[in-house]
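All of these numbers come straight from a predicted model, not from anything done at the bench.
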Amino acid sequence: MVPALLSWHQSDEPVGLSMYDCTSQGLVTPSNFVLTCADANTLLKNLHWTDWNKSTAYATARPPWNDCTLTA
């Protein structure tokens, strides 16, 4: 597992905490999250959220590895 630090914005909405994706859309407990918006080449897949409240969120995931091998 590779640790990742994600940024998010606390809001006044009932949920209280959102992560913002590449299109500035607020997300709550997303199952996937793109880390590199320019090419969407780095992402976290199958996020499993263990906690999500007004001030913190914790999840585990396994990032896929892209070794840049071209496929036909």
Side-chain angles (χ1 to χ4, degrees):
M1 242 184 256
V2 176
L5 175 62
L6 306 177
S7 62
W8 52 72
H9 169 73
Q10 189 168 354
S11 69
D12 293 328
E13 296 175 12
V15 172
L17 189 67
S18 295
M19 294 172 54
Y20 286 85
D21 66 9
C22 297
T23 62
S24 298
Q25 178 180 345
L27 307 172
V28 176
T29 64
S31 57
N32 300 312
F33 190 78
V34 175
L35 298 174
T36 54
C37 294
D39 61 4
N41 196 26
T42 306
L43 67 140
L44 298 173
K45 291 177 100 175
N46 302 317
L47 285 159
H48 172 73
W49 295 95
T50 56
D51 189 21
W52 188 287
N53 60 55
K54 284 189 162 193
S55 61
T56 58
Y58 296 95
T60 57
R62 291 195 179 269
W65 183 256
N66 181 350
D67 63 3
C68 297
T69 301
L70 297 175
T71 59

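- The minimum heavy-atom distance between Ser55 and Leu17, with the atom names listed, is C-CD2, 4.1 Å.
- In this structure, Ser18 and Gly26 approach most closely via the heavy-atom pair CB-CA, 4.1 Å.
- Side chain of Trp49 to backbone of Pro30: a donor-acceptor contact under 3.5 angstrom is found.
- With rounding to the nearest 0.5 Å, the separation of OH in Tyr58 from OG1 in Thr50 is 8.5 Å.
- Both Leu35 and Leu27 are members of a single hydrophobic cluster when ILVMFWY side chains are connected at heavy-atom separations under 4.5 Å.
- Applying the side chain to side chain donor-acceptor pair (under 3.5 Å) definition to pairs two or more places apart or across chains, those involving residues 25-38 are Thr36-Asp39.
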Working for side chain to side chain contact (heavy atoms under 4.5 Å, CB included), residues Thr56 and Asp51: CA-CA 8 Å; Thr56 58; Asp51 189 21; 4.0 Å; yes

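- Phe33 and Leu43 fall into different hydrophobic clusters, defined by Ile, Leu, Val, Met, Phe, Trp and Tyr side-chain heavy atoms under 4.5 Å apart, directly or through other members.
- The side-chain hydrogen bond (donor to acceptor under 3.5 Å, both in side chains) check on Asn46 picks up nothing, with sequence neighbours excluded.
- For Cys22, the side-chain contact (heavy atoms from CB on, under 4.5 Å) criterion is met by Val34, Cys37, not counting sequence neighbours.
- In this structure, Ser24 has no side-chain hydrogen bond (donor to acceptor under 3.5 Å, both in side chains) partners at least two apart in sequence or on a different chain.
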